[in-house]
Amino acid sequence: MSQWQLGIIFASIIPVTLPVSFASYCVLLGDKNVLQALKSSLNAFFYAFKPMCLIALISFLSLLLAPYTFLLSAIITGPILMCISHIAYSNIFIKHKEA
C-alpha cells in the first residue's frame, strides 16, 4: 500500500466523525445520555456548519499528510484541534444554555 493510499484511508474518516465530534463532550460534561448527545452533536454541527468545515479541512490535510511526515502532522495538529473542539463546544452549548 502506497503512502497516498494510506493518507486517503486516514482522511476518509473525517466526514464520519466530525458531525458527532461533540457527542463525547455532551456525555462527559453535559450529563446527557448517548442518544441525546448524538442528536445534540448533529444539531450543533449543522448550526456551525462553516466553522466545522474549516476544522474538517485542517483535519483532512493533517491526516492526508500523516504518512508522508511520519505522523508528525497529526501529532502536532491533534492537540490543537482538540482544544478548538472544546472551545467550540463551550461556545455552542454553554453559551446557549446561559442565554
Side-chain angles (χ1 to χ4, degrees):
M1 183 176 294
S2 66
Q3 289 180 333
W4 69 271
Q5 289 173 331
L6 192 58
I8 293 293
I9 290 170
F10 285 160
S12 66
I13 197 70
I14 298 299
V16 175
T17 59
L18 199 60
V20 294
S21 61
F22 294 126
S24 60
Y25 292 115
C26 290
V27 170
L28 295 174
L29 303 175
D31 295 328
K32 295 183 179 183
N33 63 28
V34 175
L35 188 60
Q36 290 173 335
L38 288 172
K39 288 180 183 177
S40 296
S41 182
L42 283 172
N43 289 335
F45 174 76
F46 290 117
Y47 171 75
F49 185 72
K50 288 182 183 178
M52 294 301 281
C53 284
L54 181 63
I55 292 172
L57 179 67
I58 294 169
S59 299
F60 183 79
L61 290 174
S62 170
L63 291 175
L64 187 66
L65 295 174
Y68 296 103
T69 61
F70 301 106
L71 296 177
L72 189 59
S73 61
I75 290 171
I76 290 173
T77 59
I80 295 169
L81 289 171
M82 289 301 293
C83 291
I84 290 171
S85 295
H86 179 69
I87 291 169
Y89 168 80
S90 298
N91 286 337
I92 293 172
F93 288 95
I94 295 174
K95 289 191 178 179
H96 281 276
K97 193 182 286 186
E98 292 174 357

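As a basis for the values below, the full set of heavy atoms in this structure was taken, side chains included, without hydrogen atoms, waters or symmetry mates.
Contacts of Thr17 classified as side chain to side chain donor-acceptor pair (under 3.5 Å), with partners at least two apart in sequence or in another chain: none. Take Asn33 and apply the side-chain contact (heavy atoms from CB on, under 4.5 Å) test, not counting sequence neighbours, and it matches Leu35, Gln36. By the side chain to side chain donor-acceptor pair (under 3.5 Å) test, Ser59 pairs with no residue at all, sequence neighbours left out. Contacts of Ser21 classified as side chain to side chain donor-acceptor pair (under 3.5 Å), with partners at least two apart in sequence or in another chain: none. In this structure, the ring-ring contact (aromatic ring centres under 6.0 Å, His included) partners of Phe45, at least two apart in sequence or on a different chain, are Phe49. Listed by chain and residue number, Leu71 satisfy the side-chain contact (heavy atoms from CB on, under 4.5 Å) test with Ile75 (two or more places apart in sequence, or in another chain). In this view, Ser41 satisfies the side chain to side chain donor-acceptor pair (under 3.5 Å) rule with no residue, not counting sequence neighbours. Looking at residues two or more places apart in sequence or on another chain, you find no ring-ring contact (aromatic ring centres under 6.0 Å, His included) involving Phe70.
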Table please: side-chain donor-acceptor pairs of residues 50-58 below 3.5 Å, with sequence neighbours left out.
none

Could you go through residues 79-88 and list every donor-acceptor pair under 3.5 Å that involves a side-chain atom there, pairing it with any protein atom two or more places apart or in another chain?
from	atom 1	to	atom 2	distance (Å)
Ser85	OG	Leu81	O	3.0

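Closest non-hydrogen pair, Ser62 versus Thr77, comes out as OG-OG1, 2.6 Å.
Screening residues 67-76 for side-chain hydrogen bond (donor to acceptor under 3.5 Å, both in side chains) gives Thr69-Ser73 as the qualifying pairs, with residues at least two apart or on separate chains.
Hydrophobic clustering of Ile, Leu, Val, Met, Phe, Trp and Tyr side chains at less than 4.5 Å, counting indirect connections, unites Phe10 with Ile14. Leu18 and Val27 are members of different hydrophobic clusters when ILVMFWY side chains are connected at heavy-atom separations under 4.5 Å.
Within the model, atoms CD1 of Ile92 and OG of Ser40 stand 11.0 Å from one another, a figure rounded to the nearest 0.5 Å. Taken to the nearest 0.5 Å, the CG atom of Leu29 stands 8.0 Å off from the OG atom of Ser90. In this structure, NZ on Lys39 lies 9.5 Å from CG on Asn43, to the nearest 0.5 angstrom. One finds the CZ atom of Phe60 at 12.5 Å from the CD1 atom of Ile13 (value rounded to the nearest 0.5 Å). Separation of atoms CG (Leu65) and CH2 (Trp4) is listed at 15.0 Å; rounding is to 0.5 Å.
Using the six-membered ring where Trp is involved, Phe22 and Tyr89 have ring planes that are tilted, between 30° and 60° apart.
Grouped by direct or indirect side-chain proximity (heavy atoms under 4.5 Å, Ile/Leu/Val/Met/Phe/Trp/Tyr only), Leu38 sits with Val20, Val34.
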